[in-house]
Protein chains: 2
Amino acid sequence: MLAKSTEYAIRALVFIQLQNWQDKRTGVVEIAKEIEAPEAFTAKVLQTLTKHRIIASMKGRGGGFFFTETSDQMTLFQVIQVMEGESIFHKCGFGLKNCSDANPCPMHDKYRTIRDGFFAIAQSETIHSLSRKVSEGKAVLNRVSFLN
Amino acid sequence: MLAKSTEYAIRALVFIQLQNWQDKRTGVVEIAKEIEAPEAFTAKVLQTLTKHRIIASMKGRGGGFFFTETSDQMTLFQVIQVMEGESIFHKCGFGLKNCSDANPCPMHDKYRTIRDGFFAIAQSETIHSLSRKVSEGKAVLNRVSFLN
DNA sequence: TTATAAAAGGACAACAAGGTCTTTATATAA
DNA sequence: TTATATAAAGACCTTGTTGTCCTTTTATAA
Ligand code: FES
Ligand code: FES
């Protein structure tokens, strides 16, 4: 569904949010480890997010990535848009050049329902809302095992 | 959502079904033109479908692709499975190694609903049901314009 | 029986996504 | 002011998907 880079972005943002709530600023190395993603690639993802003001960054000693007040309450939709665009929310499920109510493909009615449902999730869920679930222990950020 | 090759496969199958209903057997060239896909690539897709008995084929003059009685009523799920596997129906939307009710990611509840909804569509819709919509004029197979 | 029209198969080319590495810029601490 | 820790940037590599081309097989018609 989502591109791998988008998944990394979302997981990284949730982790950064959790760290921020503990008044910690965190860097690439720690983030990559936590979200179980390759370090250099995570750096690129964070660079993209920073360039688009989803998060802010500080270079040098004690630097790292963090949310500002204005970059807070970011919706999943905004993150997806920045990472891979929003074509996923407009695409025809049957592969036609565009999706059209007036000239529907045979999957249109049902596919559109699903696609719009996903759009609704992307609009209603935020980095905040996801992070809250994790901090309340209702959800997990990774599958790091305690064994080994 | 679906791989391009899967989309080509579904569109091709619908067209073959429509042709079969008119007692016509059709070949790669015509299929590729109708579904607006590259000819050589369409040939590969049809080869895969034939190998997995989704459709049957005949070589030589007057040959082409067609459904048999046993390959009829194929669900979208079966086509997807053959073309790209079924990982799409099991994947964690947040990118974790696996999806788990017991150990959910923060997107799990909502994402699972969407994913399962898509699975339900894939199970309930068939090449038959899609083709019927097209033959009844309720849906279109392509976006070929009448202008030009 | 031969020519022809088709699918099957295999090799490979093009492109996009994912991923790595090295250098540069910048902030902080000693 | 210098050493160090960090992000930014750019060049590159790897892999998977999409797409092409050429040869082989097989059925039909002449
Ligand atoms: S026209 Fe295909 S999904 Fe809308
Ligand atoms: S655990 Fe992520 S979708 Fe189920």
Side-chain angles (χ1 to χ4, degrees), chain A residues 1-13 15-16 19 24-33 35-68 71 80 82-85 87-88 91 95, chain B residues 1-13 15-16 19 24-33 35-68 71 80 82-85 87-88 91 95:
Chain A
M1 182 76 98
L2 295 174
K4 225 165 178 182
S5 49
T6 308
E7 292 175 351
Y8 290 158
I10 297 171
R11 294 213 301 275
L13 290 169
F15 178 61
I16 292 166
Q19 293 295 101
K24 288 180 197 159
R25 179 176 301 167
T26 178
V28 187
V29 178
E30 199 187 356
I31 294 171
K33 200 167 291 168
I35 69 173
E36 301 180 87
E39 198 175 302
F41 194 65
T42 302
K44 289 298 180 195
V45 168
L46 292 169
Q47 219 174 298
T48 302
L49 294 171
T50 303
K51 192 158 54 192
H52 289 85
R53 315 274 169 157
I54 304 276
I55 42 177
S57 70
M58 280 284 289
K59 286 185 186 181
R61 280 208 184 192
F65 299 88
F66 53 94
F67 281 96
T68 65
S71 71
I80 293 168
V82 157
M83 294 302 300
E84 58 178 286
S87 61
I88 186 180
K91 212 183 151 302
Chain B
M1 180 76 98
L2 295 173
K4 225 165 177 183
S5 48
T6 308
E7 293 175 350
Y8 290 158
I10 297 171
R11 294 214 301 277
L13 290 169
F15 178 61
I16 292 167
Q19 291 297 100
K24 288 180 199 159
R25 180 177 298 167
T26 181
V28 186
V29 177
E30 199 188 356
I31 294 171
K33 200 167 291 167
I35 69 173
E36 300 180 87
E39 198 176 300
F41 194 66
T42 303
K44 289 299 181 196
V45 168
L46 292 169
Q47 218 173 303
T48 303
L49 294 172
T50 303
K51 192 158 55 192
H52 289 85
R53 314 275 168 153
I54 305 278
I55 42 176
S57 71
M58 280 281 291
K59 288 189 186 178
R61 280 206 182 189
F65 299 88
F66 54 93
F67 281 96
T68 64
S71 73
I80 293 167
V82 156
M83 293 303 299
E84 58 177 280
S87 61
I88 186 182
K91 214 185 148 300

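Proteins get letters first, then strands, A, B, ... in listed order; numbering begins at 1 in each.
For the pair Leu46(A) CG and dT20(C) C1', the interatomic distance rounds to 16 Å; values are reported in whole Å. Following rounding to the nearest Å, Arg25(B) (CZ) and dT28(D) (P) show an atom-to-atom distance of 8 Å. When rounded to the nearest whole Å, the span between CD1 of Ile16(B) and P of dA6(C) equals 15 Å. Atom CZ of Phe65(B) and atom C1' of dA5(C) are 13 Å apart (whole Å). Counting to the nearest Å, the C1' atom of dA5(C) and the CD1 atom of Ile31(B) are 15 Å from each other. Atom CZ of Phe66(B) and atom P of dA6(C) are 15 Å apart (whole Å). Distance CD1 (Ile55(A)) to C1' (dA8(D)): 13 Å, rounded to an integer number of Å.
Looking at heavy-atom distances under 4.0 Å, Val29(B) makes no contact with the nucleic acid at all.
Going from atom CD1 of Ile55(A) over to atom CG of Leu46(A) covers 5.0 Å, rounded to the nearest 0.5 Å. A distance of 10.5 Å separates CE in Met83(A) from CD in Glu7(A), rounded to the nearest 0.5 Å. Atom-to-atom distance recorded for Phe41(B):CZ and Gln47(B):CD is 11.5 Å, nearest 0.5 angstrom. The distance from atom CZ of Phe15(B) to atom NZ of Lys33(B), rounded to the nearest 0.5 Å, is 10.5 Å.
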**OP:** Would you sort out whether Leu13(A) and Phe65(A) count as a side-chain contact (heavy atoms from CB on, under 4.5 Å), showing the intermediate values?
**Re:** CA-CA 9 Å; Leu13(A) 290 169; Phe65(A) 299 88; over 6 Å; no
Original post:
Could you go step by step and tell me if Val82(A) and Lys51(A) meet the side-chain contact (heavy atoms from CB on, under 4.5 Å) rule?
Top reply: CA-CA 10 Å; Val82(A) 157; Lys51(A) 192 158 54 192; over 6 Å; no
What nitrogen or oxygen pairs link the protein and nucleotides 27-30 of chain C at under 3.5 Å?
unit_1, atom_1, unit_2, atom_2, d
dA29(C), O4', Arg61(A), NH1, 3.3

Mind listing the N/O atom pairs, protein and nucleotides 9-19 of chain C, below 3.5 Å?
unit_1, atom_1, unit_2, atom_2, d
dG9(C), N7, Lys44(B), NZ, 3.3
dG9(C), N7, Gln47(B), OE1, 3.4
dG10(C), N7, Lys44(B), NZ, 2.8
dG10(C), O6, Lys44(B), NZ, 2.7
dG18(C), OP1, Lys4(A), N, 3.0
dG18(C), OP2, Ser5(A), OG, 3.4
dG19(C), OP2, Tyr8(A), OH, 3.1

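Across Arg11(B) and Ile35(B), no two heavy atoms sit closer than the pair NH2-O, 2.7 Å.
Put simply, Ser57(B) has a side-chain N or O that comes within less than 4.0 Å of OP1 or OP2 on dA8(C).
Between Glu30(B) and Lys24(B) there is no salt bridge, since no side-chain N of the basic residue sits under 4.0 Å from a carboxylate O of the acidic one.
For the residue pair Gln19(B)/Thr26(B), the side-chain donor-acceptor check at 3.5 Å is not satisfied.
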